[in-house]
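Encoded as C-alpha cells, the structure appears first; notes follow it.
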Amino acid sequence: MADISVTLPDGSSRNLRQGATAYDLAVAIGPGLAKAALIAVVDGQEVDLNTPLSSGQQVDIVTADSEAGLCTLRHSTAHVLAQAVLELYPGATYAIGPPIADGFYYDFDLPHGASISDAELTGIEAKMREIIAADQPFQRYEVSAVDGLELFAEHRYKCEIIQTVALAHNDVSAARASEDQELASEVVADGQVSYYRNSESFIDLCRGPHVPSTGCLGHFKLMSVAGAYWRGDSGRPSLQRIYGTAWASRKDLDAHLHRLAEAEKRDHRRLARELDLVSWPTELGPGLAVWHPKGATVRRIIEDYSRHRHSESDYQFVFSPHLARSELWQTSGHLDFYEESMYPAMELDGVSYHPKPMNCPFHMLIYKSAQRSYRELPIRMFELGTVYRYELSGVVHGLMRSRGFTQDDSHIFVTREQAPAEIASLVSFVLSVLRAFGFSSFDARLSTRPLGKSVGEDGEWELATEALRKALEAAGLDYQVDEGGGAFYGPKIDIDVQDAIGRSWQLSTIQVDFQLPVRFDLEYVGADGGRHRPVIIHRALMGSIERFFGVLLEHYSGAFPAWLAPLQAAVLPVAAAHSDYAAQVVKCLSSDGFRAEVVEAQEPLGRRIRAAKLQKLPYVLVVGDEDVFNGTVGVNARDGDGVERGVSLQEFVVRLQQEVNSHK
RNA sequence: GCCCGAGUAGCUCAGUUGGCAGAGCAGCUGUCUUGUAAACAGCAGGUCGCAGGUUCGACUCCUGUCUCGGGCUCCA
C-alpha cells in the first residue's frame, strides 16, 4: 500500500501512499500536529501543507511554535489585511506586505491620494475577522510572468514587481546586485510567478507559503498607520502602510501588548519629564535639549566616570572650539561628503565658518602642532566634544537623535604596525566601560566601504577592514557585516547594547581612517629617521552622551543605580521636632560624598514617602524619636521589601558606599 | 525632507449641530505635627501652539506656519 517514504527531522522515516501531501503526513504523525500544522519544510524549502510529497524527501512539519511558522502566520495575516482593505476601499491598490519582527505590515495606495486614519483601523480589523471566520483557503497558482501581468493589470505595484522578477530571471547576476531582491522574493524565481486565491474576489501575488486557511489566524491587532515610500525610495510615491502584530495565541498577543505598554512607560522623554531631568523647550528648536539640575547630576557622574577610565588608559585630554573656518572642513573632506548634515556656513569679516559636526579635524591640528616621533605613538586624544548636525526634522527623537550632542570622542594616532593591537585593545576597553554601566549583552556590526561615497585606495580599505574583523573575533563578539555601511574615510565597527527589555541601541563606534592623515599631511619620524604616515582610529564609546543617558534612563526605567542616582537618599523627619536630626543625617551623608536631602514634615509621612518613591530614589530614610535617641535611621530601600527600623547611621553609610562602589 | 496624526492650566486629559473655558494631580495660603506609597480647607492658574480667513460670534470651520508623536529615508 505504502509507496513513498519520507524522512522526519528526528531521522525516522515514514511511509505514505502515493500522492500524499505534507498535511497527510502531519495527520499520520498525530491529530494534534495536524491541527497545529501551518506549513512544511521539504528539503529545506518552505511549502504549503497541501504540497504533494515524493519519496526520499526530508520533511519537517512547521507549527506556530517555530520562527518560520510564526512568520508565515504573520505573512498570511498581512494578506487578510490586504483583502479587507481592498474590499472596504474600492479603487485601492496594494504593494507589498511582508512579516516583520512581532508582526507584519502592508502598503496601500488609495484612490485620489486618500489616507487611512487610526480610527478606521477598527473597521478594517472587523472586516479581517469576518474573513478569518469564513475560513477561506489559501490556494496557490503559478502562471507565466505575462499572464501575471494580465491578472494584476489593474494593480500597478504588483505589475512592477512582476516586471522586476521577469527582469531578474533574464539576468540573474544583475538581480543579485540590485536592490530588488526583496521584491523578487515575493514570487517564484524561475520565470513563473505565483499567486494565492482566497476567494472569488481576492488574489494576491506572493511566493508563499501560506497557512492552509484564514481560520488558522486570529490573534492579531492592527497597530498604526504611517506613510512609507514605495520601495523605500523618497523619490517614489508615498504609500499608506498599516502595521499589525500577530501571534500564535491570545496569550502571546496579550504578552506582546503588555511589553509595549511597559516600553512606553520607560520612554526616556516621559521619564525625563517625570523625574525633572531634561526638557526640550520649543523655544530652542527641534533636537535641542536643556539639562535640569538632576539630569545634569547624572550626566556629570557619567562624564566623570568616563574621564576617570580614559585617564587610567593613557588618553590625553584636549578641547576644541565649536566653530572653524570652512577651509578646515574642506581639508577634512566634510564639505565634500558630509555637507548635507552640517549646519550652514556663517560669514564673519568676510570669512566663512561652519559649526562642527565632528571633532576630528581639531585633533588633527593638535597632532600637527609638533613634529611627532614614533616613540610618542600611540597618541590617544580624548575630548567630550559637542557637535551640531542638521538632522532631518522628521528624525529627531528626544535625546536619542538630536541636533546638538556631545561625543566622548577619541582619535588615536598609531603606526600601521600598531593598528591591529590597538583596535583589539579598544574593543575590550569599550566593552569594559559599557559593562560598568550595567550592560551585559552586545551586538556588533562591521561596515565596509560605501561605493561611490568614499575616498582612498582599495588596499588600504581591505587592510583596515581585516584589522577590525580580527579585533571582533578576538573579543568573541558576534557580528554582522553591513556591506557599504562604512564612513567615507574608512570602515568601522559599531557596537550595540541590549537593554533590560531586550531592545538594541547603537552606542559605540570604532573607525579606521587612512584618509585624514593624508588630507592633513600627518607624519611621524620613524626609527629609520624617515617620515611616515600615521593611521588614525576614531572611537566614540558612549557615542553621544545624550543618547547614552537616554538609553540608561530607559534601561533602568528611571531607577538609576545608587552610583548614578541624582538623589541617593531622602531623609524624612517624622515630625518637625526631628528636623534638626534629619539635617544632621544629611550633613553626615553629604560629607561622605553622598547626595541626600531633607524633606521637611510639612506633609504627612505617607505622602512624602510616596513622592520619594515616585521619584524612584534608591533610599528613603525616616527618622523619628527612637532614631534621634539612638543615632539610627529607618531604611526604606527602593529595591528591598519592607522597611528596616533602627539601622545605625554608620551601618547605612557603609552599605551605601558598597553599593556605590559596586555600581549595583 | 516626505506621509499620517496631534497641539486646551506646570503635568494628564474632558470640552458637538459655532454661543461666557472644565476636572484630577502639581503649585500657593491656612489648619493639622504626623513611624513607611495620596490629611483637610481655600486660593491662584488660560490670547485653547502661532498668524491669517469665514462668521453677528471661532477652542470648534478653512488656509498657512511652528512644535510634538508614529513611520519612511538617514544616523551617534
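Heavy-atom basis, side chains included; hydrogens, waters and symmetry copies ignored. The chains referred to below are lettered A, B, ... by the order of the sequence lines, with proteins before strands, and numbering in each begins at 1. Just so you know, these numbers come straight off a predicted model, no measurement behind them.
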**Message:** Counting the benzene-type ring for Trp, do F220(A) and F104(A) have ring centres under 6.0 Å apart?
**Reply:** no
**Prompt:** Tell me, do D496(A) and Q506(A) make a side-chain contact under 4.5 Å, heavy atoms counted?
**Reply:** yes
**Message:** I need the CG-P distance between L399(A) and G69(B), as an integer number of Å.
**Reply:** 11 Å
**Request:** Using whole Å, report how far CG of D109(A) lies from C1' of C72(B).
**Result:** 15 Å
**Asked** What about R241(A), does its side chain sit under 3.5 Å from the base of C3(B) through a donor-acceptor pair?
**Response** no
**Prompt:** Please give, in whole Å, the distance from G69(B) P to M400(A) CE?
**Reply:** 12 Å
**Asked** Quick one: CZ on F560(A) to CZ on F549(A), what's the gap to the nearest 0.5 Å?
**Response** 4.5 Å
**Request:** Assert yes or no for the condition that the ring centre distance of F429(A) to H310(A) is strictly below 6.0 Å.
**Result:** yes
**Fill in**
Side-chain atoms of P286(A) come closest, of U67(B), U33(B), G70(B), to U67(B)
**Item:** E546(A) bridged to R389(A) by N-O distance under 4.0 Å
**Value:** no
**Message:** With no hydrogens and no angle check, just 3.5 Å: does a side-chain donor-acceptor pair link D109(A) and Y157(A)?
**Reply:** yes
**Asked** Side chains of L335(A) and H354(A): closer than 4.5 Å at any heavy-atom pair?
**Response** yes
**Along RNA chain B (nearest heavy atom to each residue), the more 5'-positioned of V633(A) and S393(A)** = S393(A)
**Request:** Looking at every strand, decide which applies to A601(A) at a 4.0 Å heavy-atom threshold: base, sugar-phosphate, or nothing.
**Result:** base
**Item:** Set of salt bridge (Lys or Arg N to Asp or Glu O under 4.0 Å) partners for R503(A), sequence neighbours left out
**Value:** D499(A), E554(A)
**Request:** Look at Y243(A) and C72(B) and indicate whether a side-chain polar atom (N or O) is within less than 4.0 Å of OP1 or OP2.
**Result:** yes
**Message:** Under 4.0 Å, heavy atom to any atom of RNA chain B: which of residues 617-628 of chain A qualify?
**Reply:** V622(A), G624(A), D625(A), E626(A), D627(A)
**Asked** Taking the P atom of each, how far is A14(B) from C72(B), in whole Å?
**Response** 27 Å
Pairs of donor and acceptor atoms involving the side chains of residues 269-278 of chain A, under 3.5 Å and at least two apart or interchain, shall be tabulated with distances.
| from | atom 1 | to | atom 2 | distance (Å) |
| --- | --- | --- | --- | --- |
| R269(A) | NE | D267(A) | OD1 | 2.9 |
| R269(A) | NE | D267(A) | OD2 | 3.3 |
| R269(A) | NH1 | H397(A) | ND1 | 3.3 |
| R269(A) | NH2 | D267(A) | OD2 | 2.4 |
| R270(A) | NE | E274(A) | OE2 | 3.3 |
| D276(A) | OD1 | H292(A) | ND1 | 2.8 |

**Prompt:** Can a side chain N or O of R273(A) be found less than 4.0 Å away from OP1 or OP2 on U12(B)?
**Reply:** yes
**Request:** Would you mind reading off the distance between R401(A) atom CZ and U73(B) atom P, rounded to a whole angstrom?
**Result:** 12 Å
**Message:** Starting the side chain at C-beta, find the nucleotide from A76(B), U34(B), U67(B) nearest to S402(A).
**Reply:** A76(B)
**Message:** Among C4(B), A76(B), U36(B), which nucleotide has an atom closest to any side-chain atom of Q506(A)?
**Reply:** A76(B)
**Request:** Please determine if K265(A) and E262(A) form a salt bridge, counting it only when a charged side-chain N lies under 4.0 Å from a carboxylate O.
**Result:** yes
**Prompt:** Which part of the nucleic acid, if any, lies within contact of L572(A), taking any heavy atom under 4.0 Å across all strands shown: a base, the sugar-phosphate backbone alone, or nothing?
**Reply:** nothing
**Message:** Using side-chain heavy atoms (C-beta onward) and a distance below 4.5 Å, is H555(A) in contact with V497(A)?
**Reply:** no
**Asked** If the P atom of C28(B) is compared with that of G1(B), how far apart are they to the nearest Å?
**Response** 41 Å
**Prompt:** Do any side-chain nitrogens or oxygens of S224(A) fall under 4.0 Å of OP1 or OP2 in G71(B)?
**Reply:** no
**Item:** Basic-acidic side-chain contact under 4.0 Å: R655(A), E659(A)
**Value:** no
Show me, pair by pair, the donor-acceptor contacts under 3.5 angstrom made by side chains of residues 482-491 of chain A, not counting sequence neighbours?
| from | atom 1 | to | atom 2 | distance (Å) |
| --- | --- | --- | --- | --- |
| E483(A) | OE1 | T448(A) | OG1 | 3.0 |
| Y489(A) | OH | Q511(A) | OE1 | 2.4 |

**Request:** Nearest 0.5 Å please: distance from the CE atom of M358(A) over to the NE2 atom of H538(A).
**Result:** 8.0 Å
**Request:** Check RNA chain B for consecutive Watson-Crick or G-U pairs with both distances under 3.5 Å and list the runs of at least three as stems.
**Result:** B:1-7 with B:66-72, B:10-13 with B:22-25, B:27-31 with B:39-43, B:49-53 with B:61-65
**Request:** Nearest whole angstrom, please: distance from the P of U33(B) to the CZ of R608(A).
**Result:** 14 Å
**Request:** Find the distance D107(A):CG to C72(B):P and express it as a whole number of Å.
**Result:** 10 Å
**Item:** Same-atom distance (C1') from U29(B) to A37(B), integer angstrom
**Value:** 26 Å
**Message:** Please report the distance separating the C1' of G53(B) from the corresponding atom of C25(B), rounded so that it comes out in whole Å.
**Reply:** 38 Å
**Message:** So, under a plain 3.5 Å distance rule, would you say the side chain of E391(A) forms a donor-acceptor pair with the base of A76(B)?
**Reply:** yes
**Message:** Give me the distance, rounded to whole Å, that separates G42(B) from G52(B) when you measure between the C1' atoms they each carry.
**Reply:** 43 Å
**Request:** Determine the contact category for Y338(A): base if any of its heavy atoms lies under 4.0 Å from a base atom, sugar-phosphate if only primed atoms, P, OP1 or OP2 are that close, otherwise nothing.
**Result:** nothing
**Request:** Please measure how far the C1' atom in U55(B) lies from the corresponding atom in C62(B), and state the result in whole Å.
**Result:** 12 Å
**Fill in**
With the side chain defined as heavy atoms from C-beta on, R645(A) is closest, among U33(B), A76(B), U36(B), to U36(B)
**Asked** Does a side-chain heavy-atom distance below 4.5 Å link T245(A) with Y243(A)?
**Response** no
**Request:** Taking only the side-chain nitrogens and oxygens of R269(A), find out if one of them lies under 4.0 Å from OP1 or OP2 of G70(B).
**Result:** yes
**Asked** Does G71(B) have OP1 or OP2 sitting under 4.0 Å from an N or O in the side chain of Y229(A)?
**Response** no
**Request:** Would you mind reading off the distance between E283(A) atom CD and C68(B) atom P, rounded to a whole angstrom?
**Result:** 12 Å
**Message:** Rounding to an integer number of Å, can you tell me how far K356(A) NZ sits from A76(B) P?
**Reply:** 17 Å
**Prompt:** Which whole number of Å gives the distance between the C1' atom of A26(B) and that of C43(B)?
**Reply:** 15 Å
**Prompt:** Considering only the C1' atoms, how many Å lie between C4(B) and C20(B), rounded to the nearest integer?
**Reply:** 36 Å
**Asked** So does H538(A) get a side-chain nitrogen or oxygen closer than 4.0 Å to the phosphate oxygens (OP1/OP2) of A76(B)?
**Response** no
**Message:** For a quick test of reading the model: is some side-chain N or O of K613(A) closer than 4.0 Å to OP1 or OP2 of A38(B)?
**Reply:** no
**Asked** How do A577(A) and G287(A) order along RNA chain B: which one's closest nucleotide is nearer the 5' end?
**Response** A577(A)
Distances for protein N/O vs nucleotides 39-50 of chain B N/O pairs under 3.5 angstrom?
none

